[in-house]
Amino acid sequence: MRSILVSAIALALAGVSMSGMAATPAVASHAELATTQLPRSVRPSHYDVAVVPHADKLSFDGTVTVTVDVLQPTTSITLNAIDMTFSRVILTPNRVRVTALAPPKVTVDAAAQTATFTFAGPIPVGSYKLAMSYTGKIGTQANGLFAIDYDTKAGKKRALYTQFENSDARRFIPSWDEPAYKATFNLEVTVPSDEMAVSNMPAASKTDLGNGMTRVVFQPSPKMSTYLLFFGLGEFDRATTMSDGTEIGVITQKGLSSQAGFTLKSGSDVLHEYNDYFGVPYPLPKLDNIASPGSSQFFSAMENWGAIYTFEYALLLDPSISTQSDKQNVFNTAAHEMAHQWFGDLVTMRWWDDLWLNEGFASWMAARTTEKLHPEWHTDLDAVGTREGAMSRDAVATTHPVVQHVETVEQASQAFDAITYAKGEAVIRMLEAYVGPDTWRAGVRNYIKAHAYSNTTSDDLWREVQAAAGKPITQIAHDFTLQPGVPLIRVEASACSGGKTTLKLTQGEFTKDRPNKTPLKWHVPVIAQSVGGEPARTVVDGSATLSVPGCGPVLVNAGQSGYYRTLYSPAQFAAIKGDFAKLAPIDQMGLMGDTWALGMAGLEPASSYLDLAQATPADADPQIWGDIADSFSGLHQYYRGDKARQARFDAFARKQLQPVFARIGWEAKAGESDPIAILRTQLIGVLADLGDTAVINEAQRRYAAQDSDPKAMPAVLRKTILAVVARHADAATWDKLHAMAKAETTPLIKDRLYALLAVAEDDALAQRALDMALTDEPGATNSAGMISIVGFQHPDMAFDFALAHRAQVDKLVDSTSSSRYYPGLGGSSNDPAMVGKIKAFADAHIAAGSRRAADTVIANINYRMMVRNERLPAIDAWLAKNGG
Ligand SMILES: [Zn+2]
């Protein structure tokens, strides 16, 4: 899946960083089986499924015949099933002229999400066919088979899609719904003849039944996990192209194919690249990417084999509103899901303990491929932001190892977090740099070849990479994946002698909330470099000395592939600051990340970050300024509720950012680079938040002039301008935006307008957005997001409101995600009372084993209160001294 962590529409709207998400301490014991797993006595190999959906009644009829092997004599068969009613269950030995066993007794365990069929006597070992007839439900949130209702110029439409990861195939087919039970699937559906049915494989036959219905039989799927099965149905268009003999398709609602051209071309480019990289060609005859209106609070896309599912905002480019960031997000999302076609679909983790093998790898592969195929976007610097997101999450007490033991469906759902995605990605980046990219790829190729159509654990990957590298890597890999936390490397440099500088490196642990913690130990690969010199490498195990060619300031973690923080002695930091402009942009970015985090945690002066920001030239890399703008926005938030001090900081921050914005301006200049286009939108958003009246007035002027002056609101600035207007809206403006939202018939734009109704700073308008979220007006999948967005500015209001209307809000969030959703609403609070409220909610409503997300929200609130109390005074003092 592409997690919402990495592409949060809501976070982008609200300008909030992604550090506030998820996770209880867990012990890494990945070889264990979960006690919730099915009995191992029966194993499926093939499913013949026939489904008749009744979209109008939100229900479906299903029949399935599963070919199973009984491996040990047993009197009962247990499989996964939820929200279904069985009308018939028959077990027949798989031999000719043998009759079925007497029908079993059926018991359903809703809590365990299982059905058990108990027979009169023991079933002997052998092969059988288990046939079941049942009815199931069509939901309105993205799990199981679900409906999305959306507006079009031709009126309201309803489409059906499936979403099964992590554990919702059991809502569609009674099945062995665990990733290790790979099987083949023949899917047959009976659907309205004027709609298009889509699945993992192309249709093998279509039979017109003469009553307005058509029976579609899809070709047999490859052997795969249940969570990768897909079915979609609606009034769709499909555009195709060929790449390396595979048909690449993009499926959209009718009439929108033209907005999918970039995805189609990207899919073709990426498939060619991956066929080469993985060394095993994509094995299915086609690869579709299905665009769906609507959204989920927790993911933006899903890697169903041969039938990727993506929400429209992450797949379509609407020429009237899409931006450069949207375009990059569309590419990165497609590249992530396509990487899963190998890492996840062809080779699958054995159990959710190793989920990171899917998600860390796909995230890393997407980033690498974006850099390679679109060098003009300069996304190489994004790796630093990803690592910062991971380290921020990994440095509080509620973190967990990358490989973690998962017992329940809810825990598996919570595993889709920043550690799994972003730390997973960062650790792979570090190991790739350690063994070299060609060696890493050779290891990956061998791994894919050895485990195709099968399941693995992390050690299967380490074994192949170590064999390819011819040097040990498993120890490093285990240190960073089986234990939590962030190494801290302290650096002392000796005077330069004989053209070399000797560094003394000592290892500790970086934490944000446990200053007296006994540090864990890692084998940390370190690369250091004097400014303009050759890099030197070592592995720090406790402590090390490293001789670095060249004199002058030495930068540790040169190239930023290492997953650790670097703390310099004060003299050394001063020397590096003096040469800041000479550092490579990625090292500037890395140094700023460390300086911010170490300063906020109290390991160096909190004001050091402001020193670096002041030392940054106006023509520095646009992403450096984007990063500074984000950090200023973060500090602005830390001052929330303290108007006078906030105003003093805002004035300083505006003074740093205004000259940069003046160089860029409101209008795109011919030939400007893509990162500049992104920085323009970032600066407008942040300057407006910092109270820059010129920027706010200009946004409002352009918004008001849009009808008379077509150039006032260019498409690439439309979202940005609307966001500023909506944030600063008065009641009349809000009413006008509301009228626009209501009248809009394009879901991609309509959804955005409803989200914008929730960003207003004004309390009364925020309350109106909350009230609206409980009506049918915004659409079933938009409402939960509206409440979350209100929460960024008004955490108490959003949290209290959701709790007061829990029965209604529960229907707006998919069931396995509510243990993350409710605590998150209070996540941006700086108030001890909110800690109490979230704790009380968790104690009352969240299972003891599923409180990691709630505990993490609390840890982050506590951390922010510490920063407010202990660091902001140092920032105030620095501002007083430096003309803030
Ligand atoms: Zn993914």
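Keep in mind that this is a model prediction, so the values were computed, not measured. Order of appearance sets the numbers: ligands from 1, and atoms from 1 within every ligand.
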Pairing of Lys449 and Glu464 as salt bridge, 4.0 angstrom limit: no
Which residues pass the side-chain contact (heavy atoms from CB on, under 4.5 Å) test with Asp751, not counting sequence neighbours? Asn782
Who are the side chain to side chain donor-acceptor pair (under 3.5 Å) partners of Gln328, not counting sequence neighbours? Gln324
Lys/Arg-Asp/Glu bridge criterion (N-O < 4.0 Å) met for Asp459, Arg463: no
Residues at least two apart in sequence or cross-chain that pass side-chain contact (heavy atoms from CB on, under 4.5 Å) with Ser413, listed by chain then number, are Asn166, Thr816, Ser817, Arg820
Which protein N, O or S atoms lie under 2.8 Å from the Zn ion (ligand 1), given by chain and residue number? Met1 N, Met1 O, His336 NE2, His340 NE2, Glu359 OE1
Any carboxylate oxygen within less than 4.0 angstrom of a Lys/Arg side-chain nitrogen, looking at Asp674 and Lys327? no
